[in-house]
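By convention here, the first residue in the shown sequence is residue 1. What's counted below: heavy atoms across the whole structure, side chains too, no hydrogens, waters or symmetry copies.
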Amino acid sequence: KFLVALLRSLTFILILVALASPFIQKDKVVEGEPSLKILVDNSTSFDLFDSSIAEELQGKLKDQIDVELVRVGSKDISNLGDGILNTVKEDDSVLLISDGSSNYGADLDDVGLFDSRSNITINTIKLEPTKNDIGVEVRGPSKTTADVDNRFVIKLTKVGKDLRGSLVVTLDTNIILDSDLSKDTYEFTSKLSEGYHQIKAELSVDDTFKQNNVFYKTVKVVPKPILGFMSKEDAP
């Protein structure tokens, strides 16, 4: 009886083990063919940096791995996101040589999310500018109502060092701000009368690009709306 019980227990245990479907996981590394795609910013803004580093890297690496050099963008169009999407494929390794300023096409954050899901690795190189440049932009409402406080921000974008000069901001014919370039952000508030007004921010500085040294902003001011108030009870 003991032997029969033992055999029955052993049979039951073996059935349970078989139902559990045990398996052993093994990791195996399969070596592929290493390759690198170098994407170079070809837009005008990248002229502030030394783009020859791309050819230098290609020359040093081509004897060790397969290197492909691709140029992205042209003149005032910097479509880095589109360039990445149109060039890479799954499991690619990419080296992006750019100032990171993308003004056209796919958003770089969305492209990064897509690349992470496709096992695409993108690296960048931190470059020091070889030239100096500064640009100005006026931020604020383009349409507002009369006689209310409006806040405007003058934003300076600097590349390089030792940028000396002045910033003059005018509202119509009145000078609102006349300052040096010691700060990156300036702001002012103003109540505007009904009609159209022009804000002009102009830099006087010796830099690389002159086209971003002047910024014009037009503000349309409409009359205040007439408001009616009705109440069942007396109110102030």
**Q** Is there a donor-acceptor contact under 3.5 Å from the side chain of N150 to the main chain of T189?
**A** no
**Q** When you compare the side chain of V153 with that of T185, does any pair of heavy atoms fall below 4.5 Å?
**A** yes
**Q** With a 4.5 Å limit on heavy-atom distance, are the side chains of F152 and L171 in contact?
**A** no
**Q** Any side-chain heavy-atom pair from E137 and T157 closer than 4.5 angstrom?
**A** no
**Q** Please report the shortest heavy-atom distance between D180 and Y186, naming the atom on each side.
**A** O-OH, 2.7 Å
**Q** Between D41 and S98, is there a side-chain donor-acceptor contact under 3.5 Å, judged purely by atom types and distance?
**A** yes
**Q** Is the count of non-hydrogen atoms from other residues, nucleotides or ligands lying under 6.0 Å from K62 atom NZ greater than 12?
**A** no
**Q** Return yes when atom CG of D149 has more than 12 non-hydrogen atoms of other residues, nucleotides or ligands closer than 6.0 Å, and no otherwise.
**A** yes
**Q** Tell me, do V205 and N132 make a side-chain contact under 4.5 Å, heavy atoms counted?
**A** no
**Q** Between F209 and L48, is any pair of side-chain heavy atoms under 4.5 Å apart?
**A** yes
**Q** Heavy atoms, side chains only, cut-off 4.5 Å: are I125 and L57 in contact?
**A** yes
**Q** Any heavy-atom pair between the side chains of T208 and D47 that's under 4.5 Å?
**A** no
**Q** Distance check, rounded to the nearest 0.5 Å: D206 atom CG versus S204 atom OG?
**A** 11.0 Å
**Q** Test of understanding: clusters of I, L, V, M, F, W, Y form through side-chain heavy atoms closer than 4.5 Å, transitively. Do V168 and F188 belong to the same one?
**A** no
**Q** Per the salt bridge (charged side-chain N to carboxylate O under 4.0 Å, His left out) rule, which among D207, D133, D184 passes with K158?
**A** D184
**Q** Hey, does L69 have a side-chain heavy atom less than 4.5 Å from the side chain of E55?
**A** yes
